[in-house]
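Note on naming: letters A, B, ... go to the chains in the order of the sequence lines (proteins, then strands), and numbering restarts at 1 for each one.
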Amino acid sequence: MPKTMVLALVLAAGTAAAAGPTPTRQAELNHLLIHDCGSCHGMTMKGGLGPSLLPQALVERTDDDLLASIVEGHPGTAMPPWGPLLNPGEAEWLVRRLREGAGLK
Amino acid sequence: MTLRIGDLSRRLGALTLLTGILAVTGCAAPGDLRGTNDLGIIIERAKGAALVVDTTARKPLGQVTGLGDLSHASAVYSRDGRYAFVFGRDGGLTKVDILTRKVVKRVVQAGNAIGGAISQDGTLVAVSNYKPGGVKVFDSATLDLVADVPADYGPAERSKVVGLVDAPGQKFVFSLWDGGEIWVLDMVDRANPKLTKFENVGLNPYDALISPDGRYYVAGLFGEDGMALLDLWHLDKGVRKVLSGYGKGEQKLPVYKMPHLEGWAIAGNLAFVPAIGHHAVLVIDLLTWTEVGRIPVHGQPVFVMARPDGRQVWVNFAIPHNDTIQVIDVPTRKIVKTLTPGKGVLHMEFTPRGEEVWLSVRDTDTVMVYDTRTIEPVTSFPADKPSGIFFTDRAGRIGL
């Protein structure tokens, strides 16, 4: 499936789920972000095997671009597609969290 | 000799006093003295702390704090088994006295680190770094810098370094994730380190291990199927690719957690290793370095570890299957038990002779102890987001 089409679907579904994840699910997603994304990007998001995900490191990246990275991963690198484990609204929520500064202080 | 009464009473008085002193000080000492070979540490990753644990009493003895960012942490031990060297994500190298449970010294030696090793003679500690990519070697007594080895490859490129191990002959061996190289650092003359490089060993070595006898260094390749093998007895023969065909024709699954090769399970002539991107443990014949079997398992393996006697292999898995452990019986190569200790089983460590295994279960903030004969839980205790478990018997083992 072409990349743009996947994104279109993701975005459409994301809008439909504009209410966003429930508080319980938000806690799970935060946990995923800190501990599972954190395995490679660091629990502080300062980077590791993967690059830094601190807000200042992401200023050049658009939301769509970040969403695509999360959902589809980067084939040929260690970044897997997280799409199979997330619904589109959840991936969007993760992008917002990264923008706010999601890492452990 | 004649003894007058006055003398005697004075002497008795002195004796009583002496006995009293012994009761207060001398007699307390035997209770304080202890060996360390049944101790260990458990990393509390979110807190920058470690628990010092006693595997005989099966409980924590206390906590050491101030170890920095431990998102990815590991530890090695001084050869007397008293000091743990803890390697943190933030480039911190911390020397911890596990008897007094105090930080002896801490240096932040890089921006971003991944692991370390201690030399054969115990005098040097090496750290592998992501940023700036390379290896730094420190004096284990003082943590003073002894050697700095930047992982330069190609024109003006620096690689993240992974798979750092110690090897006999006062060597450190490591792999370049970005560079696809394996380097051997000879520290016999610490003022003049000698570096031997092997290029083009394969795409993205992600971790490596050394066989328990210290002879074979094997790097797993993330970017392609197969492993890169270096025989340290015959460096002149170079690195060769083994197991190139193991994932052939199969769709790889997304890899949500990089597998680890530390503590590669070696049982007899067979080695058990995680297959990257597949729900399988590969069985390798160490005489021919070929795949002789494949055991389908519950998820993508992260750690595949043999009980010290080699009779069982315990496997944990990447998310979303990280609530499960499977136990493989080596002679039959069958899964004999599937356990669900809880979400986020991150690491396991066998007691020195393998009668028990300790598991850290991150999401339930618990450490669980299992009897490996019955494969039943023995006890558990709370720990804050526990990850790596490192027992002191590692002090006497090559490559750990």
Side-chain angles (χ1 to χ4, degrees), chain A residues 1 3 6 10 21 24-54 56-57 67-88 90-91 94 97-98 101-105, chain B residues 43-48 68-73 88-91 110-115 128-131 133 159-162 177-178 203-207 221-224 252-260 276-277 300 302 318-322 343-344 346 362-365 385-387:
Chain A
M1 194 188 294
K3 190 169 172 178
V6 175
V10 164
T24 315
R25 185 60 182 155
Q26 287 185 14
E28 286 173 8
L29 290 171
N30 247 332
H31 192 278
L32 177 95
L33 196 57
I34 301 287
H35 292 285
D36 295 299
C37 303
S39 291
C40 278
H41 298 281
M43 288 192 298
T44 56
M45 301 294 143
K46 283 181 189 157
L49 190 63
S52 166
L53 300 180
L54 291 172
Q56 59 268 33
L67 198 58
S69 287
I70 294 172
V71 173
E72 297 166 36
H74 290 277
T77 75
M79 177 64 181
W82 292 85
L85 304 185
L86 300 169
N87 72 42
E90 293 171 346
L94 288 174
R97 285 291 296 131
L98 289 174
L104 286 186
K105 301 293 178 263
Chain B
I43 302 294
E44 294 186 306
R45 73 198 300 248
K47 244 165 104 177
D69 175 0
L70 301 180
S71 343
H72 192 287
R89 166 68 86 201
D90 56 2
N112 204 312
I114 187 67
S128 56
N129 292 320
Y130 279 170
K131 216 161 76 185
S159 178
K160 298 184 176 89
V161 171
V162 298
W177 161 266
D178 308 282
L203 210 54
N204 290 140
Y206 64 90
D207 198 7
L221 301 172
F222 182 80
E224 55 187 288
K252 259 196 195 175
L253 301 163
V255 177
Y256 292 112
K257 173 138 179 70
M258 216 33 96
H260 281 254
I276 296 262
Q300 289 187 48
V302 175
I319 189 174
H321 302 106
N322 67 2
K343 262 176 91 177
L346 290 196
R362 181 192 64 200
D363 294 3
T364 61
D365 294 301
K385 300 282 173 289
S387 56

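Highest contact tally toward chain B, considering only A:Ile34, A:Leu49, A:Leu32, is held by A:Leu49 [criterion: heavy-atom pairs under 4.5 Å]. Ranked by heavy-atom pairs shorter than 4.5 Å toward chain B, the options A:Gly42, A:Gly38, A:Ala78 are led by A:Ala78. The choice from A:Gly47, A:Cys37, A:Pro84 that makes the most heavy-atom pairs within less than 4.5 Å of chain B is A:Gly47.
Heavy atoms of B:Ile114 lying under 4.5 Å from chain A are absent altogether. Using a 4.5 Å cut-off between heavy atoms, B:Ala46 contacts chain A through both its backbone and its side chain.
Residue B:Asn112 holds its CG atom at 9.5 Å from OG of A:Ser52, rounded to the nearest 0.5 Å. Distance check, rounded to the nearest 0.5 Å: NZ of B:Lys131 to NZ of A:Lys46 gives 10.5 Å. The distance from atom SG of A:Cys40 to atom NZ of B:Lys257, rounded to the nearest 0.5 Å, is 7.5 Å.
Between B:Tyr256 and A:Pro80 the shortest heavy-atom distance is CD2-CG, 3.6 Å. Of all heavy-atom pairs spanning B:Asp69 and A:Met43, the tightest one is OD1-CE, 4.2 Å.
With a 6.0 Å radius and a threshold of 12 heavy atoms from other residues, nucleotides or ligands, B:Lys343 has its NZ atom at or below the threshold.
For B:Arg362, the salt bridge (charged side-chain N to carboxylate O under 4.0 Å, His left out) partners two or more places apart in sequence, or in a different chain, are A:Asp36.
For B:Arg89 (side chain) and A:Ser39 (main-chain N/O), a donor-acceptor pair under 3.5 Å exists by modelled atom type.
Contact check for A:His35 versus B:Arg45: side-chain heavy atoms found under the 4.5 Å cut-off. Considering only heavy atoms from C-beta on, A:Thr44 stays 4.5 Å or farther from B:Asp90 through its side chain.
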